[in-house]
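Residue numbers begin at 1 in each chain, while the letters A, B, ... track the order of the sequences. Quick caveat, the model's predicted, so the values are computed rather than measured.
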Amino acid sequence: MPELPEVEVTRLSFASRIAGAHIHTAQLGKPLRWPLGCAPDLLHGQRVLGVRRRGKYLLIDLTDGLLLLHLGMSGSVSFGHDLPAPGKHDHFELTTSHGTLRLHDPRRFGAVVYALGEGDAAAHKLLGRLGVEPLGDSFDAASFHTALKLKKTAIKQVLLAGEIVVGVGNIYASETLFLAGIRPTTRASRLSKPRSQRLHSAIRHVLTQAVAKGGSTLKDFSNAEGQTGYFQLEAMVYDRAGQPCKVCGGPIKGMRQGQRSTFFCAVCQKP
DNA sequence: CACGGATCCTGATGGC
DNA sequence: TGCCATCAGGATCCGT
């Protein structure tokens, strides 16, 4: 579900509140994508040092090791003192001195994984091949273009793969490519320097705006304080097949790429 | 070894 | 409480 902006908004909504908390208990529900990787008891008595983000992973730093939390397609986090009783889709819970952290994830594509450190085997398997952070300094237009040169697949697939730059999911892939005027099917290696530069700016712009607006376009997204109803970001193309392009009026096209839906304007976006 | 496809799981939606 | 097919924000794994 959540792309980078939703994950970052989630992080911002509970990171400062949980920092410094002492963990009382850790409880698991139904299996998630991967096993926790340690006995829940191991977390008892540890302290939460802070919460960082890497790509779409939340990294919860503990006194001894860290938890890697991924929201998958349908995950959301709640944190507070008076959460309602756990429901059937709540699959991880951490009770702490500062409140209860809960992962709600109906489809269970999400995960919570314990790692001893950011570089250990468990963490490396998940974080090891991630591309650069789109909102960080290491995401620059020149090296982005250089990296794209080596990829012969469709640019949209390259964005989703997250090996060059992380955080762009299915919605924002369509949106950033529209903004950059690039057809999703264009081979990444064929993008000229100016066009990859436009894409670079589009990615930074769209993701920055989405974080600022509190997380998007997602119909059922809520942050860890349970706030929903954000909807300020109108999609230009995503889920708008058949509707008029907001720029040129032509019909938005829908197609599938690698089992995922893609939307674009054939007039505004060039091959 | 780079690429495309199948796969995990539950719920919402729409056609019949 | 109709039934069935299709689709949904992700990303790893497995053939070719």
Side-chain angles (χ1 to χ4, degrees), chain A residues 1-11 28-35 37 53-58 68-77 87-92 103-113 121-131 134 147-177 184-190 206-207 210-211 213-223 228 230-231 233-235 237-242 254-263:
Chain A
M1 135 212 219
E3 305 185 26
L4 183 145
E6 290 73 33
V7 177
E8 179 63 8
V9 166
T10 298
R11 187 185 75 82
L28 301 168
K30 292 167 95 173
L32 292 163
R33 180 164 189 174
W34 297 295
R53 182 189 54 72
R54 177 74 178 98
K56 296 171 191 167
Y57 286 91
L58 290 172
L68 300 133
L69 196 147
H70 198 289
L71 302 180
M73 290 274 257
S74 56
S76 61
V77 163
K88 64 171 176 174
H89 297 306
D90 297 325
H91 302 303
F92 179 78
L103 175 64
H104 175 86
D105 186 3
R107 292 178 73 182
R108 291 191 281 124
F109 290 172
V112 184
V113 174
H124 186 77
K125 184 179 165 192
L126 302 179
L127 308 176
R129 41 202 331 202
L130 295 184
L148 291 181
K149 275 282 170 217
L150 303 173
K151 297 285 182 183
K152 293 174 185 168
T153 38
I155 181 59
K156 193 211 172 199
Q157 310 271 56
V158 170
L159 292 179
L160 288 184
E163 289 174 7
I164 294 179
V165 58
V166 295
V168 181
N170 203 42
I171 293 179
Y172 295 122
S174 282
E175 294 298 311
T176 53
L177 287 167
T185 45
T186 305
R187 287 167 180 264
S189 58
R190 300 194 50 174
V206 168
L207 296 185
V211 172
K213 300 272 183 171
S216 124
T217 67
L218 296 193
K219 298 182 175 70
D220 55 6
F221 171 70
S222 67
N223 68 17
T228 58
Y230 299 102
F231 227 49
L233 288 188
E234 283 284 315
V237 292
Y238 185 81
D239 204 21
R240 296 194 64 242
M255 64 172 294
R256 291 186 80 77
Q257 282 178 290
Q259 333 290 107
R260 310 299 299 280
S261 56
T262 298
F263 303 89

Novice: What is the distance, to the nearest angstrom, from the CZ atom on A/F109 to the P atom on C/dA8?
Specialist: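 Taking CZ of A/F109 and P of C/dA8, I get 13 Å after rounding.
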
Novice: Hey, is CZ on A/R187 packed in by over 12 heavy atoms from elsewhere, all under 6.0 Å?
Specialist: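 Incorrect, the count does not exceed 12.
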
Novice: Does C/dG10 have OP1 or OP2 under 4.0 Å away from a side-chain N or O of A/R260?
Specialist: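 Checking C/dG10 against A/R260, a side-chain N or O does come within under 4.0 Å of OP1 or OP2.
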
Novice: Nearest whole angstrom, please: distance from the C1' of B/dC1 to the NZ of A/K151.
Specialist: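 Atom NZ in A/K151 sits about 11 Å away from atom C1' in B/dC1.
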
Novice: Could you tell me how far B/dC9 sits from C/dC3 if I compare only their P atoms? Round to whole Å.
Specialist: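 Their P atoms lie roughly 23 Å apart.
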
Novice: Mind checking salt bridge (charged side-chain N to carboxylate O under 4.0 Å, His left out) for A/R107 and listing every partner two or more places apart, or none if nothing turns up?
Specialist: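 If we apply the salt bridge (charged side-chain N to carboxylate O under 4.0 Å, His left out) test to A/R107, skipping adjacent residues, there are no hits.
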
Novice: A/K88 side chain: which of C/dG10, C/dC13, B/dG11 is closest?
Specialist: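 Per side-chain heavy atoms of A/K88, the pick is B/dG11.
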
Novice: For C/dA11, does OP1 or OP2 lie under 4.0 Å from any side-chain N or O of A/H70?
Specialist: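 The answer is yes; a side-chain N or O of A/H70 sits under 4.0 Å from OP1 or OP2.
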
Novice: Name the pairs: protein N/O against N/O of nucleotides 5-7 of chain B, kept only if under 3.5 Å.
Specialist:
| unit_1 | atom_1 | unit_2 | atom_2 | d |
| --- | --- | --- | --- | --- |
| B/dA6 | OP2 | A/Q259 | NE2 | 3.4 |

Novice: Could you tell me the separation between the CD atom of A/Q257 and the C1' atom of C/dA11, rounded to a whole number of Å?
Specialist: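 Spelled out: CD on A/Q257 to C1' on C/dA11 is 17 Å.
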
Novice: Only counting residues at least two apart or in another chain, list the ones meeting side-chain hydrogen bond (donor to acceptor under 3.5 Å, both in side chains) with A/H91.
Specialist: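 Expected list: none.
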
Novice: What nucleotide, of C/dG10, C/dT12, B/dC9, holds the atom closest to the side chain of A/Y57?
Specialist: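 Output: C/dT12.
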
Novice: Between the side chain of A/E3 and the main-chain N/O of A/Y172, is any donor-acceptor distance below 3.5 Å?
Specialist: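 Checked: pair present.
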
Novice: Roughly, in whole Å, what's the span from CG in A/L159 to P in C/dG10?
Specialist: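 My rounded result for the distance is 12 Å.
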
Novice: Would you mind listing every salt bridge (Lys or Arg N to Asp or Glu O under 4.0 Å) that reaches into residues 148-161 of chain A, with sequence neighbours excluded?
Specialist: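 Residue pairs passing salt bridge (Lys or Arg N to Asp or Glu O under 4.0 Å), neighbours aside: A/K151-A/E163.
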
Novice: Apply the test side chain to side chain contact (heavy atoms under 4.5 Å, CB included) to residues A/H70 and A/L126: give CA-CA distance (whole Å), side-chain angles for both, the deciding distance (0.1 Å), then the verdict.
Specialist: CA-CA 10 Å; A/H70 198 289; A/L126 302 179; over 6 Å; no

Novice: Whole angstroms only, please: what is the CG-P distance between A/L58 and C/dG10?
Specialist: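 Distance check: A/L58 CG to C/dG10 P gives 15 Å.
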
Novice: Rounded to whole angstroms, how far apart are NZ on A/K156 and P on C/dG10?
Specialist: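 So the NZ-P distance, A/K156 to C/dG10, works out to 9 Å.
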
Novice: Is there a side-chain contact between A/L71 and A/L103, using heavy atoms and a 4.5 Å cut-off?
Specialist: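 The answer is yes, as the side chains (C-beta and beyond) meet within the 4.5 Å cut-off.
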
Novice: Round to the nearest Å and state the distance from A/L68 atom CG to C/dT12 atom C1'.
Specialist: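 For the pair A/L68 CG and C/dT12 C1', the rounded distance is 15 Å.
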
Novice: Would you write the dot-bracket representation of DNA chain C, where each base gets (, ), [, ], | or . depending on whether it forms a Watson-Crick or G-U pair under 3.5 Å and with which partner?
Specialist: .|||||||.|||||||

Novice: Between A/E175 and A/A235, which heavy-atom pair has the shortest distance, and what is it?
Specialist: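 Looking at all heavy atoms of both residues, the shortest contact is OE2-CB, 3.5 Å.
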
Novice: Taking only the side-chain nitrogens and oxygens of A/H91, find out if one of them lies under 4.0 Å from OP1 or OP2 of B/dC9.
Specialist: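 Indeed not, no polar side-chain atom of A/H91 lies that close.
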
Novice: Is a donor-acceptor contact shorter than 3.5 angstrom present between the side chain of A/R108 and the base of B/dC9?
Specialist: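 Flag unset: no donor-acceptor pair detected.
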
Novice: When you compare the protein's N or O atoms with those of nucleotides 3-5 of chain C, which come within less than 3.5 Å of each other, and at what distance?
Specialist:
none

Novice: Would you say C/dA8 has OP1 or OP2 under 4.0 Å from some side-chain N or O of A/S261?
Specialist: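 Affirmative; the distance criterion is met.
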
Novice: Check the phosphate of C/dA11 against A/K56, side-chain N and O only, distance under 4.0 Å to OP1 or OP2. Yes or no?
Specialist: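 For A/K56, the contact criterion (side-chain N or O under 4.0 Å from OP1 or OP2 of C/dA11) is met.
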
Novice: Return the 5'-most residue of the pair A/A161, A/R107 with respect to DNA chain C, ranking by each residue's nearest nucleotide.
Specialist: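 With A/A161 and A/R107 compared, the 5'-side residue is A/R107.
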
Novice: Can you give me the closest heavy-atom contact between A/S261 and A/F263, atom names plus distance?
Specialist: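 Distance-wise, the nearest heavy atoms are OG-CE1, 3.7 Å.
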
Novice: Can you name the nearest heavy-atom pair linking A/G75 to A/P2, along with the distance?
Specialist: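 Heavy atoms of A/G75 and A/P2 come nearest at O-CG, 4.0 Å.
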
Novice: Carefully, step by step, assess A/Y57 and A/L130 under the rule side chain to side chain contact (heavy atoms under 4.5 Å, CB included).
Specialist: CA-CA 11 Å; A/Y57 286 91; A/L130 295 184; 4.3 Å; yes

Novice: Is A/K125 near enough to C/dA11 that one of its side-chain N or O atoms lies under 4.0 angstrom from OP1 or OP2?
Specialist: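 So the side chain of A/K125 is outside the cut-off, no N or O lying under 4.0 Å from OP1 or OP2 of C/dA11.
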
Novice: Between C/dG10 atom P and A/L130 atom CG, what is the distance in whole Å?
Specialist: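 Spelled out: CG on A/L130 to P on C/dG10 is 14 Å.
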
Novice: For A/E8 and A/R53, indicate whether the former's side chain and the latter's backbone hold a donor-acceptor pair under 3.5 Å.
Specialist: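 Not a single qualifying donor-acceptor pair exists.
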
Novice: Where the side chain of A/M73 is concerned, which of C/dG10, B/dC9, C/dC13 is the nearest nucleotide?
Specialist: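 Of C/dG10, B/dC9, C/dC13, C/dG10 is nearest to the side chain of A/M73.
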
Novice: So do A/V113 and A/K125 actually touch side chain to side chain, heavy atoms under 4.5 Å?
Specialist: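 A/K125 does not reach A/V113 side chain to side chain.
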
Novice: Counting any heavy atom closer than 4.0 Å, what does A/R256 reach on the DNA or RNA strands: base, sugar-phosphate only, or nothing?
Specialist: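 Contact class for A/R256: sugar-phosphate only.
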
